[in-house]
Asks: 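Here it is, the structure in full.
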Amino acid sequence: MSVLSGKKIVLGVTGGIAAYKTASLVRLLSKAGAEVQVIMTPASHQFITPFTLSTLSKKPVYTEFFNSKESGTWNNHVDLALWADLMLVAPATANTLAKMAHGLCGNLLLAVYMSAKCPVYIAPAMDLDMYIHPSTAQNLATLTSYNHVIIPAEEGELASGLIGKGRMSEPETIVAVLEASLSKDLPLQNKKILITAGPTYEPIDPVRFIGNHSSGKMGYDIAKEAVKRGATVLLVSGPTNQKIEDSRVHVIPVISAQDMYEVCHQYFDEVDVVVAAAAVADYRPKDVATQKIKKKADEFSITMDKNPDILASLGAIKKQQYLIGFALETENEVEHAKEKIVKKNLDLIVLNSLNDTGAGFGKPTNKVTFIDRAFHIEPMELKSKEAVAQDIVNKIMQHYE
Ligand code: PMT
């Protein structure tokens, strides 16, 4: 999920040839989960139609203060400005930049800009000579002094045929600037978190395995919550149907406990936090048949080897890392969880018991108890796994406070 998800964005489009790129820009912002309200200057209609942008943004596009005489309604610039979490003017022509810098507000877009209290981002676009004109430089400096973020124009071939600086930044770049800028104030911005999720499958033969009921939801929800707070996430995932699409989450799919062990050790040095939500098989078949095992005798047994305990092996070598384990218990829950804290050298354990209705595998809810190294016990209510993930990420944040 992008940090833009759920953000309300006013996109101001002004009259330059780069306005054609706003179709992609609206698509990318919407794809990132943002709600986009397009406001156009009258001149921009020459370069892209309001119909195109309204279709892509799934909202009416506004240009004029007043709607038709029959409707007797107007577009309230103050309401539009206060609605926005951020305002982006792209492309911003030399004309609009000058008016923004000097407080002229002769169209709806400029009036919304003057009323905006949210962060403002400006992506200029114009011909080379206009871009390097001292007045443009001065206007950009003035707008920077208002704490607006200028997304600089790029070098390249311009619509005039000249080659130089003036092309509006590509929509992908603009979206990346917005994402980076919104992430920078998030509390876990500089933290890298390794999360294990899902079951492991221990092969018996080419068609069979020993697995468990973990759906992966708990681990994926923690990953989603961690990126919302600015962290970068390495998600080491056993086989699952869970999905996550976010540039800040690197999903590394694994099958067996041995695979998971290797990946966790490969990345352990570079992470700040580990959250082990995976249900890892403690044993694996000693011999894996190369061909499908045929049905013969009435009884069939499999000799098992012990898998490495991934979490305990990380606990044994940890330096600065904050280690959170889970404990899935069916009896003597608290005692077993405490033993795991010590044995695996954990900082915190998240205990869930299959004796609690709504807790554990597969369900959308969980009921957990936090136990820390000092054996301080904090039982939580039954909650959605999303809410449990928030509690776990709160614990990580408290550690860094
Ligand atoms: O995936 P869901 O359907 O949403 O379900 C979530 C869950 C029930 C799987 C999750 O909440 C959970 O409890 N995960 C841990 C399950 C488990 O394996 O518990 P355990 O008590 O056996 O293991 C203790 C800890 O050691 C766990 O953090 C586990 O990841 C880790 N471990 C266990 C064995 C092993 N060989 N290596 C490990 O690292």
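Reckoned from all heavy atoms, side chains included, excluding hydrogens, waters and symmetry mates. We number each residue from 1, following the sequence as shown.
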Asks: Step through the shown structure and confirm whether more than 12 heavy atoms of other residues, nucleotides or ligands are within 6.0 Å of CD on Gln291.
Replies: no

Asks: Charged N to carboxylate O below 4.0 Å: is that the case for Asp309 and Lys344?
Replies: yes

Asks: In terms of side-chain heavy atoms, does Asn366 have a donor or acceptor partner in Asn352 at a distance below 3.5 Å?
Replies: yes

Asks: List for me each residue that meets salt bridge (charged side-chain N to carboxylate O under 4.0 Å, His left out) alongside Asp269, sequence neighbours excluded, and say none if there are none.
Replies: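 Counting only residues at least two positions away or on another chain, Asp269 forms a salt bridge (charged side-chain N to carboxylate O under 4.0 Å, His left out) with Lys319.
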
Asks: Looking only at side chains, do Gln189 and Ser183 share a donor and an acceptor under 3.5 Å apart?
Replies: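 Side-chain D/A pair, Gln189 to Ser183: absent.
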
Asks: Taking atom types as modelled, find out whether Thr73 and Asn67 have a side-chain donor-acceptor pair closer than 3.5 angstrom.
Replies: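 Present: a donor and an acceptor within the cut-off.
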
Asks: Please check this pair: side chain of Ser44 against backbone of Met40, looking for a donor-acceptor N/O pair closer than 3.5 Å.
Replies: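 The answer is no, because no donor-acceptor pair under 3.5 Å joins these two groups.
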
Asks: Should Ile204 and Ile302 count as side-chain neighbours, where that means a heavy-atom distance under 4.5 Å?
Replies: yes

Asks: When the side chains of residues 324-332 are checked against the rest of the protein, which donor-acceptor pairs come out under 3.5 Å, sequence neighbours left out?
Replies:
from, atom 1, to, atom 2, distance (Å)
Glu329, OE1, His336, ND1, 3.4
Glu329, OE2, Lys340, NZ, 2.6

Asks: Give the minimum heavy-atom separation between Phe65 and His77, together with the two atoms involved.
Replies: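 For Phe65 versus His77, the nearest heavy atoms are CE2-ND1, 4.1 Å.
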
Asks: Report yes if some heavy atom in the side chain of Val10 is under 4.5 Å from a heavy atom in the side chain of Ile39; otherwise report no.
Replies: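 Val10 vs Ile39: side chains touch.
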
Asks: Who pairs with Glu262 by salt bridge (charged side-chain N to carboxylate O under 4.0 Å, His left out), at least two apart in sequence or on another chain?
Replies: none

Asks: Establish, from distance only, whether the side-chain atoms of Asn355 and Glu333 form a donor-acceptor pair under 3.5 Å.
Replies: yes

Asks: Do side-chain atoms of Asp205 reach the backbone of Ile293 as a donor and acceptor pair under 3.5 angstrom?
Replies: yes

Asks: Would you say His265 has more than 12 foreign heavy atoms packed within less than 6.0 Å of its NE2?
Replies: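 Yes, enclosed.
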
Asks: Taking the basic N atoms (NZ, or NE/NH1/NH2) and the acidic carboxylate oxygens, is any pair closer than 4.0 Å for Lys224 and Glu386?
Replies: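 Salt bridge: no.
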
Asks: Under 3.5 Å, is there a donor-acceptor pair linking the side chains of Ser181 and Glu179?
Replies: no

Asks: Is the NZ or CZ atom of Lys395 positioned over Phe370's six-membered ring, under 6.0 angstrom from the centre and within 45° of the axis?
Replies: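 Judged by the rule, Lys395 and Phe370 form a cation-pi pair.
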
Asks: May I ask you to test the Ile396-Val275 pair for a side-chain heavy-atom distance under 4.5 Å?
Replies: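 When only atoms from C-beta onward are counted, Val275 and Ile396 do touch, with a gap below 4.5 Å.
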
Asks: Does the Lys NZ or Arg CZ of Lys191 fall within the cation-pi geometry relative to Tyr400 - under 6.0 Å from the ring centre and within 45° of the axis?
Replies: yes

Asks: Applying ring-ring contact (aromatic ring centres under 6.0 Å, His included), run through His148 and Tyr113 and close with a yes or a no.
Replies: CA-CA 11 Å; His148 301 337; Tyr113 161 69; 5.4 Å; yes

Asks: May I ask you to test the Val13-Pro91 pair for a side-chain heavy-atom distance under 4.5 Å?
Replies: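 Answer yes - side chains close enough.
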
Asks: Kindly write out the residues that satisfy salt bridge (charged side-chain N to carboxylate O under 4.0 Å, His left out) with Lys192, not counting sequence neighbours, or none if the list is empty.
Replies: Glu270

Asks: Tyr220 and Thr240: side-chain donor and acceptor closer than 3.5 Å?
Replies: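 Checked: Tyr220/Thr240 side chains show no N/O donor-acceptor pair below 3.5 Å.
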
Asks: Does either side chain, that of Asp356 or that of Ser353, offer a donor lying less than 3.5 Å from an acceptor on the other one?
Replies: no

Asks: Distance to the ring centre below 6.0 angstrom and angle to the axis at most 45 degrees; does that hold for Lys165 and Tyr131?
Replies: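 That pair does not qualify as a cation-pi contact.
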
Asks: Considering residues at least two apart in sequence or located in another chain, which fulfil the salt bridge (charged side-chain N to carboxylate O under 4.0 Å, His left out) criterion with Lys286?
Replies: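 Here the qualifying residues are Asp305.
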
Asks: Assess whether a salt bridge exists between Lys383 and Asp391, defined as any Lys/Arg side-chain N lying under 4.0 Å from an Asp/Glu carboxylate O.
Replies: yes

Asks: Can you list every pair that meets salt bridge (Lys or Arg N to Asp or Glu O under 4.0 Å) and has a residue in residues 3-25, with sequence neighbours left out?
Replies: Lys21-Glu170

Asks: If you count heavy atoms of other groups shown closer than 6.0 angstrom to OH of Tyr146, is the number above 12?
Replies: yes

Asks: For the residue pair His399 and Tyr322, categorise the inter-ring angle as parallel (less than 30°), tilted (30 to 60°) or perpendicular (more than 60°).
Replies: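 Judged by the thresholds at 30° and 60°, the geometry between His399 and Tyr322 is parallel.
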
Asks: Would you say CZ of Arg27 has more than 12 non-hydrogen atoms from neighbouring residues, nucleotides or ligands within 6.0 angstrom?
Replies: no

Asks: Would you find a donor on one side and an acceptor on the other, under 3.5 Å apart, between the side chain of Ser313 and the backbone of Ile310?
Replies: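 Such a contact is found between Ser313 side chain and Ile310 backbone.
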
Asks: Measuring only between side-chain heavy atoms, which start at C-beta, is Ile151 closer than 4.5 Å to Tyr121?
Replies: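 Heavy-atom side-chain distance check passes, below 4.5 Å.
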
Asks: Using distance alone, with no hydrogens and no angle criterion, decide if Thr49 and Thr52 have a side-chain donor and acceptor under 3.5 Å apart.
Replies: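 Short answer, yes.
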
Asks: Report yes if the side chains of Leu234 and Ile252 come closer than 4.5 Å at any heavy-atom pair, otherwise no.
Replies: yes

Asks: Kindly give the heavy-atom pair with the smallest separation between Leu235 and Gly219, and that separation in Å.
Replies: CD1-O, 4.2 Å

Asks: Checking Glu35 against Lys59 for the salt bridge (Lys or Arg N to Asp or Glu O under 4.0 Å) test, could you report, in this order, the C-alpha distance in whole Å, the side-chain angles of both residues, the deciding distance, and whether it holds?
Replies: CA-CA 9 Å; Glu35 201 180 329; Lys59 274 180 181 293; 3.0 Å; yes

Asks: What do you reckon, is CG of Asp79 surrounded by more than 12 foreign heavy atoms closer than 6.0 Å?
Replies: yes

Asks: Does any part of the side chain of Met380, heavy atoms only, come nearer than 4.5 Å to the side chain of Thr369, both counted from C-beta?
Replies: no

Asks: Backbone N or O of Thr365 within a donor-acceptor pair of the Ser384 side chain at under 3.5 Å?
Replies: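 Such a contact is absent between Ser384 side chain and Thr365 backbone.
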
Asks: Any side-chain heavy atom of Tyr283 within less than 4.5 Å of one from Ile210?
Replies: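 Not in contact.
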
Asks: Determine whether a donor-acceptor pair (N or O, by modelled atom type, separation under 3.5 Å) exists between the side chain of Gln37 and the backbone of Pro60.
Replies: yes

